[in-house]
Chemist: 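I have a structure I would like to understand better, so I am pasting it below and will then ask my questions one at a time.
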Amino acid sequence: RPSMDGIGQAFSGLMALNGEKEPSAPLVSKPGICDYLTGLYAMWAALMGVYHAQKTGEGDVIDVSQYESCLRVQGYGPLMYTTTGEQLKRTGNKEATYAGIDVFECKDGNYCVVQVSGRPAAKAIAALLGLDDEEHFIEGRPTLNGTPQGDRLDGAIKAFCLERMPDEVETQLKAIGVACAPINNYEMLMSNPHVIARNDFVEWYDEASEQTLKGVAVLPPVKNNPGQIWLRNWVKTMRTFWKSSDTRTKRSRQCMPRERLERRNNYMDFSFTEEQELLAENLVEFMDREYPESLIKECDEQKIFPVEA
């Protein structure tokens, strides 16, 4: 059946958990996390298949679906339903069970996320906010939503944040061991010293637009074999890459260190089957017919995608 990111989120039940309380409509997570999750699960499964092939010489079949990737990340929700029959309710930004976990507005109109989790954090924030006049907070007991203590805790955090800038809230709560972070936009994120120190944004030259771009680096960083961004005009790349299995094998050899290539060839066969050869030939024919070089050149000059032409 046709599926896109939002379809996977909806069918899996993930959307039913996101958004404000009913009767508000469920919300789709943005940007599309379902596609990323599906890709990550496919990668992990493929790596397990490679490891298994190295040890046994046998391959495997991986069946990855969008909705199952979103289903697997729903925490205790599915198990709670199968054991109690209770569906998790949407709670907006508030945590479903405990107070002290929410989005709070700050003095400048920006927001911070505060998460009071664990007894040490509960005791510390109670002392900071002047709540240590009540035995519940002195002992650092879990504070539930909808209780007098929960309302008091959330109200005190709200007042605390409204009197301070986001960086002040973060600094003071971090000092006492309470998890907190401002909700960054891209400008705030890219100017953050921690993000700069970790080189999370890098530059590369894009052949399609013929300009230098800046975006997110290959993450997570790997010390001895760091990832690199390799980006070319996607239509030209597809046409070249799929010309034949010989070309594909040659390209993989050119991009791979000799020792790694030798290890790979000991247990993996990258030659095309007859069906794959037919698919490659049909793809090349399709690309030549639907996206001729003249069209690609015109799109490059106008800086538009072929689908928009």
Side-chain angles (χ1 to χ4, degrees), residues 1-53 59-97 101-103 111 113 115 181 183-186 189 200-201 208 213 215-221 227 229-231 234-235 237-238 241-242 275-276 279-280 282-283 286-287 290-291 304-308:
R1 57 181 295 180
S3 181
M4 300 293 284
D5 192 281
I7 306 302
Q9 292 189 44
F11 189 86
S12 68
L14 182 63
M15 275 183 65
L17 308 179
N18 288 290
E20 295 298 326
K21 295 180 179 180
E22 296 185 10
S24 297
L27 294 179
V28 63
S29 297
K30 296 180 180 179
I33 62 168
C34 183
D35 290 342
Y36 276 98
L37 285 172
T38 305
L40 287 172
Y41 275 115
M43 178 190 70
W44 294 331
L47 288 174
M48 288 188 288
V50 170
Y51 180 73
H52 180 73
D60 214 330
V61 176
I62 300 167
D63 182 2
V64 182
S65 74
Q66 285 185 309
Y67 90 88
E68 287 173 337
S69 299
C70 284
L71 175 61
R72 194 63 190 86
V73 297
Q74 292 178 35
Y76 63 90
L79 183 61
M80 187 177 82
Y81 179 77
T82 59
T83 54
T84 69
E86 184 179 349
Q87 167 72 36
L88 275 179
K89 303 296 184 181
R90 295 191 297 278
T91 59
N93 289 321
K94 293 181 70 67
E95 207 276 332
T97 306
I101 303 175
D102 203 346
V103 174
Y111 295 86
V113 172
Q115 184 159 354
I183 298 180
N184 291 322
N185 57 30
Y186 291 137
L189 186 66
D200 289 332
F201 288 86
L213 304 179
V216 180
V218 178
L219 301 175
I229 294 176
W230 181 75
L231 185 64
W234 69 272
V235 176
T237 301
M238 288 290 288
F241 192 72
W242 291 102
E275 292 82 3
Q276 290 170 330
L279 174 63
N282 289 336
L283 181 57
F286 169 80
M287 299 292 281
E290 300 293 330
Y291 302 100
I304 62 174
F305 288 104
V307 293
E308 300 172 354

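Everything numeric here is computed off the predicted structure, so don't read it as measured data.
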Chemist: Other residues, nucleotides and ligands only: do more than 12 of their heavy atoms fall within 6.0 Å of OH on Y81?
Modeler: no
Chemist: Should the heavy atoms of other residues, nucleotides or ligands under 6.0 Å from CG of N185 be counted, would the total exceed 12?
Modeler: yes
Chemist: Please name all residues satisfying side chain to side chain donor-acceptor pair (under 3.5 Å) with S65, sequence neighbours left out, ordered by chain then number.
Modeler: E68
Chemist: Is the backbone N or O of S24 less than 3.5 Å from a side-chain atom of R90, with the two atoms forming a donor-acceptor pair by type?
Modeler: yes
Chemist: Using the side chain to side chain contact (heavy atoms under 4.5 Å, CB included) rule, take Y41 and I62 through it: C-alpha gap first, then chi angles, then the decisive distance, then the call.
Modeler: CA-CA 10 Å; Y41 275 115; I62 300 167; over 6 Å; no
Chemist: Distance from M48 atom CE to D60 atom CG, nearest 0.5 Å?
Modeler: 9.0 Å
Chemist: Any side-chain heavy atom of W44 within less than 4.5 Å of one from V64?
Modeler: no
Chemist: Could you state the interatomic distance from CG (N18) to CD (Q9), rounded to the nearest 0.5 Å?
Modeler: 7.5 Å
Chemist: Is there a donor-acceptor pair under 3.5 Å between the side chain of T83 and the backbone N or O of M80?
Modeler: yes
Chemist: With sequence neighbours left out, what residues match A217 under side-chain contact (heavy atoms from CB on, under 4.5 Å)?
Modeler: V202, L219
Chemist: Please report the closest heavy-atom contact between G59 and H52, naming both atoms and the distance.
Modeler: O-CD2, 4.4 Å
Chemist: Enter the distance from L14:CG to S69:OG here, rounded to the nearest 0.5 Å.
Modeler: 11.0 Å
Chemist: Taking atom CD of E20 and atom CG of N93, what is their separation to the nearest 0.5 Å?
Modeler: 6.0 Å
Chemist: Using 0.5 Å steps for rounding, measure from the CD1 atom of I7 to the SG atom of C70.
Modeler: 11.5 Å
Chemist: Of all heavy-atom pairs between S12 and Q74, which one has the smallest distance, and what is that distance?
Modeler: O-NE2, 2.9 Å
Chemist: For the residue pair M4 and Q66, what are the closest heavy atoms and their distance?
Modeler: O-OE1, 3.4 Å
Chemist: When you measure from the side chain of E95 to the backbone N and O of Q115, does any donor-acceptor pair fall under 3.5 Å?
Modeler: no
Chemist: Just how far is it from atom CD1 of I33 to atom OG1 of T38, taken to the nearest 0.5 Å?
Modeler: 9.5 Å
Chemist: Hey, does L71 have a side-chain heavy atom less than 4.5 Å from the side chain of F11?
Modeler: no
Chemist: Are the side chain of D5 and the backbone of D35 linked by a donor-acceptor contact shorter than 3.5 Å?
Modeler: yes
